[in-house]
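Here the structure is laid out as structure tokens; the discussion comes afterwards.
Throughout, protein chains are lettered first and strands after them, A, B, ... in sequence-line order, and every chain is numbered starting at 1. We use all heavy atoms of the structure for the numbers below, so side chains are in, but hydrogens, waters and symmetry mates are not.
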Amino acid sequence: MGKVVYSPRYRTYDFGPEHPFSPIRIDMLLDLMESFGRPLSFTEPSPADKRDLLSVHDEGYVALVGALSDGLEPPEAAGFGLGTADNPTFSGMDLAARWLVGGTLHAARLISAESETKVLQLGGGLHHAQRARASGFCLYNDIAVAVRHLTEAGLWVAYLDIDVHHGDGVQQIFYEDEHVLTLSLHESGRYLFPGTGETRELGNGMGRGLKMNLPLEPFTDGESYLEVFDKVVPRALDWFKPDVLVVQAGADAHYEDPLADLMLTTHTYEKLYRRIMELADRFAGGRLLVTLGGGYSLISAPRVWAILCHVFLGLPDIPRELPAAWLDRWADKLGEDSLRTLHDASAAFEPVPASLQAAQRNRHLADRFLDVMSPFWF
Amino acid sequence: MLVRDIMNRQVRIIPPDMSLSSAYGIMQSHSIRHLPVVDEGRLLGVVTDRDLRLATSALSPVPFPADARVQDVMATPPRTADPMDPVEEAARTMRELKIGCLPVLDDDGGLVGIVTGIDLLDALVRLTGVDKPSGRIEVRLPDRPGELARLTSFLSHRNVNIHSILSYPEGPDTVTSVLRVGTIEIRPVADALRKADFEVLWPPPKPWAR
């Protein structure tokens, strides 16, 4: 039975009504669990303090976010990815982001203090934030702060990133760290943001061979995704033998996501979550920290994460129908739609010819990846 | 991007009376394939590892001995580049002559650098590469004045930064423009571009989008 970390203050991380990274996604999720008669109980964190942020971020950058947060307009902001279309500035954004960081850090502390083994942070997953740069909706890197705490507590950390975008910020911050394995499955950066995450990015120095990337083809379907996952992830974890598994569980590889091109369904996600739970038990002493992340379809992200909550908390069965009251309350967000069930319909979309080709290329990718890794693993 | 931006400035040179085996040794120990031959500050020619191997090959009717002088096998007069030449011009010259390098001379005829095929590959990687978080958009534009400006001002109005842009002719009346733009919201941008009558090649529309 895992623990859930959440604070209503997470809602303040809000870039405005037109912005995809909307707190409404979590509102819909919480309401959905409640409508199922399974309301989530959670422990509340406190916001991260400056010292926590400085474990992974530059002091000047943190000061710049603080200044923008207070309504100042330093001219150099755009050079740090701030005040752009993706990362508009808003009053109070420093504290808002520190709430999310505080939540993920709280989850890490519960694990390092051995008071919990499995913790789900209902937010965060700001994996694009760099040492001194905001990127892709991410101001501060909550995951990196939490991972830093875990390594300082003497734990070896495996970070698994299933967001559709490459986990570039986390990879970069720990690029030379020998105690942190990062493994990101994502849509290839040939086209998709942020453009990195090639197999050849392996880490540097003592971290060489510990940074792993599986850039999947656009239109990869669930079957191909799980094939690559099964071929690579258990082997990597078996080799590294982490003390804790940290997972960024973005839901934007779903076929309905408006920002990307992978074609996972809710069924894929359920299988994926069950595998992750099992991997944590098999290879990480049962210790697991899961954050949310991307996932920008209001129709799919809350359903995908409701399934995550069910699997994570070990709730006995996954409901079939969506509660009518929930559908009703969120009708304007869901649009006019025939949505009735928690899971996607079994043939949710017409098969795409490109998926067959993608599966073949992904197979080659996984083989090539294992070739690249073999000098490190054997 | 100019030749001076990509050229190697630390050039290893050899005198014309150096032996073939010594020249070969220099190439081996420094992992290079081209050596400009310079006498009293004046560039006389270029000798490549291929020149050496062909000249000394047992298959050659009259193979040169290992102690022959490089001036007897070097390519002369050498084709050269100017530091202010655009890289594409250097690339075209090398492609047409099927040669692997161009020594770079300043206005006084002094050797100031060398450009090789590898440097041009590096330039291509830089031109098309990703050094900041960005996504890729491909748009086919009519080949006429103002079209690229229409595209870039569209992006500018959305506060989207363009990190790199590559345009090349495709067919008689169109050019394909490949942009790396500093936003995670590639699909919404592409949808908006389509609404504004741009032909977006990537990302494609999702056939199953609700």
Side-chain angles (χ1 to χ4, degrees), chain A residues 18-21 78-79 81 83-88 128-130 133-138 164-166 168-169 172 187-198 218-219 252 255-261 263 294 296-300 334-339 348-354, chain B residues 121-122 124-140 151-166 168 176-196 198-210:
Chain A
E18 301 296 314
H19 197 281
F21 200 90
T84 58
D86 285 358
N87 319 304
H128 293 308
Q130 301 178 3
R133 187 183 185 86
S135 172
F137 314 154
C138 307
V164 79
H165 302 96
H166 176 222
D168 57 340
Q172 194 184 50
E187 179 179 339
S188 164
R190 270 204 316 279
Y191 301 104
L192 198 69
F193 185 93
T196 46
E198 288 300 317
F219 304 115
D252 43 5
Y255 74 95
E256 278 180 314
D257 192 87
L259 297 192
D261 316 281
M263 297 176 62
Y296 306 102
S297 162
L298 296 181
I299 297 173
S300 60
L334 297 168
E336 290 197 52
D337 195 72
S338 54
L339 188 68
F349 47 82
E350 293 288 312
V352 178
Chain B
L121 283 179
D122 284 345
L124 182 68
V125 168
R126 212 170 115 201
L127 284 167
T128 56
V130 181
D131 58 4
K132 285 197 182 120
S134 55
R136 171 171 168 150
I137 293 182
E138 288 187 30
V139 184
R140 185 178 285 142
L151 174 62
T152 53
S153 66
F154 183 93
L155 292 170
S156 146
H157 282 130
R158 288 181 70 105
N159 198 19
V160 167
N161 188 27
I162 301 171
H163 286 311
S164 76
I165 180 164
L166 199 65
Y168 52 91
T176 297
S177 291
V178 182
L179 300 94
R180 295 242 35 138
V181 291
T183 176
I184 193 169
E185 298 169 75
I186 297 299
R187 284 197 158 275
V189 168
D191 291 343
L193 281 168
R194 285 197 182 90
K195 275 203 186 109
F198 285 99
E199 186 186 354
V200 181
L201 303 176
W202 189 273
K206 283 191 185 181
W208 57 86
R210 300 201 201 205

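Side chain of B:Arg187 to backbone of B:Pro204: a donor-acceptor contact under 3.5 angstrom is found. Judged by distance alone, with hydrogens and angles left aside, the side-chain atoms of B:Lys132 form no donor-acceptor pair with the main-chain N or O of A:Gly81 at under 3.5 Å.
The two residues B:Ile137 and B:Leu193 have their closest heavy-atom pair at CG2-CD1, 4.2 Å.
Note on A:Gly189, A:Gly335, A:Ala260, A:Pro218: by heavy-atom pairs under 4.5 Å with chain B, the leading option is A:Ala260.
A:Thr84 has its side chain out of reach of B:Thr183: every pair of non-hydrogen atoms, C-beta onward, lies at least 4.5 Å apart.
Looking at A:His166, neither its backbone nor its side chain comes within 4.5 Å of chain B, counting heavy atoms on both sides. If you measure heavy-atom distances from A:Arg190 to chain B, the contacts under 4.5 Å come from the backbone alone. Proximity to chain B (any heavy atom under 4.5 Å) is shown, for A:Pro88, by neither the backbone nor the side chain. Interface remark: A:Leu259 contributes backbone and side-chain atoms alike to the contact with chain B (heavy atom separation under 4.5 Å). No part of A:Ala78 comes within reach of chain B, as not one of its non-hydrogen atoms sits under 4.5 angstrom from that chain.
Partner of A:His128 under the ring pair (Phe, Tyr, Trp, His ring centres under 6.0 Å) criterion, chosen from A:Phe137, A:Phe21, A:Phe193: A:Phe193.
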